[in-house]
Amino acid sequence: MRIHFKTSYENDIRLFPDRWSFFVYAALVAGAVILPWLLDDFFLGEVTNVLIWAIAGLGLMLLTGQTGQASLGHAAFLAVGCYSCIILMENGLPFLLAFPLAGVITGVFGTLFSIPAVRLHGIYLAIATIALSVLADDIIVLLEPWTDGVSGKFAPMITIFGLEIERWTTPDRFYWLVLAVTILCTLGYRNLLRAPLGRAFAAVRDSEVSATAMGIHIAFTKAAAFGLSCAITGLAGALMGFYAGAFNNETFSIVISISLLMMIVIGGLGSIHGAFFGAIIVAFLPQALSMATDTIGGLIGANNVAIPGLETGVFGAILILFILFEPMGIYGRWLKIRTWFELFPFARKDMFKRQKSYLKTERLR
């Protein structure tokens with residue numbers, strides 16, 4: 001069992017709790033870097049898809065898990081990031097400039113949307129974001145001179161210092177590009193949580209009345225959360241466009257928004273690890289179901305077995321089971337297992353009993 005003695009403020013907010021944690025994450029990064037030499041192109045593409053979903057999950061996690069603002073409209077911001085990056089590159093801007101600019105543009109859109117949205121709470125905020133996601137489809141069609149409407153766009157070749165990167169022809173290079181963006185977004189997210197703004201996010205999430213009493217500007221904090229969340233989501237949207245190769249107004253539907261929210265709930269709200277665990281479920285579940293149906297079809301002598309709504313039904317069942325039996329998600333369950341082993345034989349079942357008490361200040365919101 002590792003006991004952390006925090007004797008200073010710098011010690012309390014350090015990036016890694018101890019050296020062991022640093023070496024574990026360093027080993028994970030090293031394993032991720034050498035992965036293209038261990039997997040074939042198909043599974044490498046699936047891992048790349050997991051990383052892109054994880055970046056999108058980090059964006060939504062910052063808003064919903066860290067600040068407590070429910071959103072069912074992040075598919076619209078994925079679309080803004082995707083179209084912004086491609087349009088900028090079509091107009092002659094290199095990828096190294098178009099890609100971060102797409103994140104900035106999406107962040108500005110998110111901040112503008114937050115100006116009226118910060119006045120809403122709970123289900124009303126979720127309804128407003130759903131409306132934005134539905135409107136995004138029509139807006140893309142109306143902006144046909146820029147977006148090519150229902151015909152859609154094709155992602156151009158990525159060129160970085162003369163090195164060509166494309167998902168199909170050079171999957172290893174595209175994987176390393178996505179991995180680099182994932183690491184940068186994760187480090188940025190982690191450092192943001194250690195900053196005063198990140199602590200203000202958590203205060204607003206737990207109790208707006210208490211946060212106001214501590215001198216936190218609620219509207220500014222929520223707007224900053226929307227802007228930063230949408231900026232990260234925009235980067236994920238741009239990578240999704242390059243991963244798909246072709247996209248149109250139907251690519252970023254409201255189903256994507258719902259999948260994103262379910263992903264962070266299943267992975268574990270309020271944690272970086274939850275975004276990655278949830279991304280693994282979202283990315284690999286369709287492939288696992290496809291392999292399972294093919295195997296069952298082969299055993300019963302039926303080819304091309306198709307069960308309508310199977311993926312949605314299984315995803316919904318998994319979400320219901322987590323809400324009922326493990327609201328803290330996969331990462332929450334892992335924390336309980338790790339704590340049990342660390343405290344063995346002194347661990348007790350009541351240590352993990354679900355708490356049902358609430359702050360009195362929550363009643364005043």
Side-chain angles (χ1 to χ4, degrees), residues 41 45-46 48-57 59-60 73-110 112-113 129 132-160 162-171 173-178 180-182 185 229-260 282-283 286:
D41 290 347
E46 293 301 312
T48 305
N49 190 31
V50 169
L51 294 179
I52 295 174
W53 276 98
I55 297 172
L60 184 58
H74 260 50
F77 301 113
L78 287 171
V80 172
C82 180
Y83 278 96
S84 298
C85 185
I86 301 303
I87 292 173
L88 289 173
M89 291 183 66
E90 288 177 346
N91 284 273
L93 214 60
F95 174 80
L96 288 180
L97 290 178
F99 183 67
L101 274 178
V104 173
I105 292 171
T106 312
V108 171
F109 271 93
L112 293 176
F113 174 76
T129 55
L132 177 65
S133 185
V134 173
L135 284 173
D137 189 343
D138 297 329
I139 293 174
I140 291 173
V141 175
L142 292 174
L143 296 178
E144 184 176 0
W146 290 352
T147 63
D148 291 340
V150 295
S151 300
K153 283 184 173 292
F154 293 92
M157 178 73 72
I158 300 174
T159 303
I160 300 178
L163 188 67
E164 293 185 345
I165 302 174
E166 205 264 337
R167 189 251 169 155
W168 301 105
T169 57
T170 57
R173 296 177 184 175
F174 185 69
Y175 165 77
W176 282 320
L177 173 63
V178 175
V181 176
T182 305
C185 289
S229 170
C230 293
I232 298 175
T233 305
L235 297 179
L239 293 175
M240 280 186 180
F242 288 109
Y243 181 83
F247 51 90
N248 61 5
N249 60 306
E250 297 181 354
T251 302
F252 302 99
S253 63
I254 191 174
V255 177
I256 301 295
S257 298
I258 297 173
S259 298
L260 268 177
V282 169

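These numbers were taken from a predicted model, which means no experiment stands behind them.
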Please report the closest heavy-atom contact between [X] and [Y], naming both atoms and the distance.
{"X": "I140", "Y": "A79", "answer": "CD1-CB, 4.1 Å"}
{"X": "A56", "Y": "L78", "answer": "CB-CD2, 4.2 Å"}
{"X": "A136", "Y": "A76", "answer": "CB-CB, 3.7 Å"}

Which residues pass the side-chain hydrogen bond (donor to acceptor under 3.5 Å, both in side chains) test with [X], sequence neighbours left out?
{"X": "N248", "answer": "T251"}
{"X": "E166", "answer": "T169"}
{"X": "R173", "answer": "none"}

Open item on the list: Under the criterion side-chain contact (heavy atoms from CB on, under 4.5 Å), I'd like the reasoning laid out for I160 against L177: C-alpha separation, chi angles, the key distance, then a yes or no.
Closed with: CA-CA 10 Å; I160 300 178; L177 173 63; 4.1 Å; yes

Open item on the list: Would F113 and C230 count as a side-chain contact (heavy atoms from CB on, under 4.5 Å) here? Give the steps.
Closed with: CA-CA 10 Å; F113 174 76; C230 293; over 6 Å; no

Open item on the list: side-chain contact (heavy atoms from CB on, under 4.5 Å) for I256 and W53? Distances and angles first, verdict last.
Closed with: CA-CA 10 Å; I256 301 295; W53 276 98; 4.1 Å; yes

Not counting sequence neighbours, which residues clear side-chain contact (heavy atoms from CB on, under 4.5 Å) with [X]? List them please.
{"X": "T182", "value": "L51, I55, V178, T186, F276"}
{"X": "A231", "value": "none"}
{"X": "Y243", "value": "E46, T48, N49, I52, R167, F174"}
{"X": "V134", "value": "I130, I254"}

TODO: Working to the nearest 0.5 Å, report the span between CG of D148 and CG of L143.
DONE: 11.5 Å

TODO: Would you give the length of the straight line joining atom CH2 of W146 to atom CD1 of I139, rounded to the nearest 0.5 angstrom?
DONE: 12.0 Å

Can you list, pair by pair, the side-chain donor-acceptor contacts under 3.5 Å of residues 233-240, counting residues two or more places apart and other chains?
{"residue": "T233", "atom": "OG1", "partner": "S229", "partner atom": "O", "Å": "2.8"}

Open item on the list: Give me each pair satisfying side-chain hydrogen bond (donor to acceptor under 3.5 Å, both in side chains) with a member in residues 99-108, each pair once, sequence neighbours excluded.
Closed with: none

Open item on the list: Which residue in the set T129, L60, L132 passes side chain to side chain contact (heavy atoms under 4.5 Å, CB included) when paired with F77?
Closed with: L132

Task: Under 3.5 Å: donor-acceptor pair, side chain of S133, backbone of A75 - done: no

TODO: Mind running side-chain contact (heavy atoms from CB on, under 4.5 Å) on I86 and F154 for me, showing each step along the way?
DONE: CA-CA 8 Å; I86 301 303; F154 293 92; over 6 Å; no

- [ ] Tell me whether the centres of the aromatic rings in F247 and Y83 are closer together than 6.0 Å.
- [x] yes

Throw together a table of side-chain donor-acceptor distances under 3.5 angstrom for residues 88-96, partners on residues two or more places apart or in other chains.
{"residue": "E90", "atom": "OE1", "partner": "K153", "partner atom": "NZ", "Å": "2.8"}
{"residue": "E90", "atom": "OE2", "partner": "K153", "partner atom": "NZ", "Å": "3.4"}
{"residue": "N91", "atom": "ND2", "partner": "I87", "partner atom": "O", "Å": "2.6"}

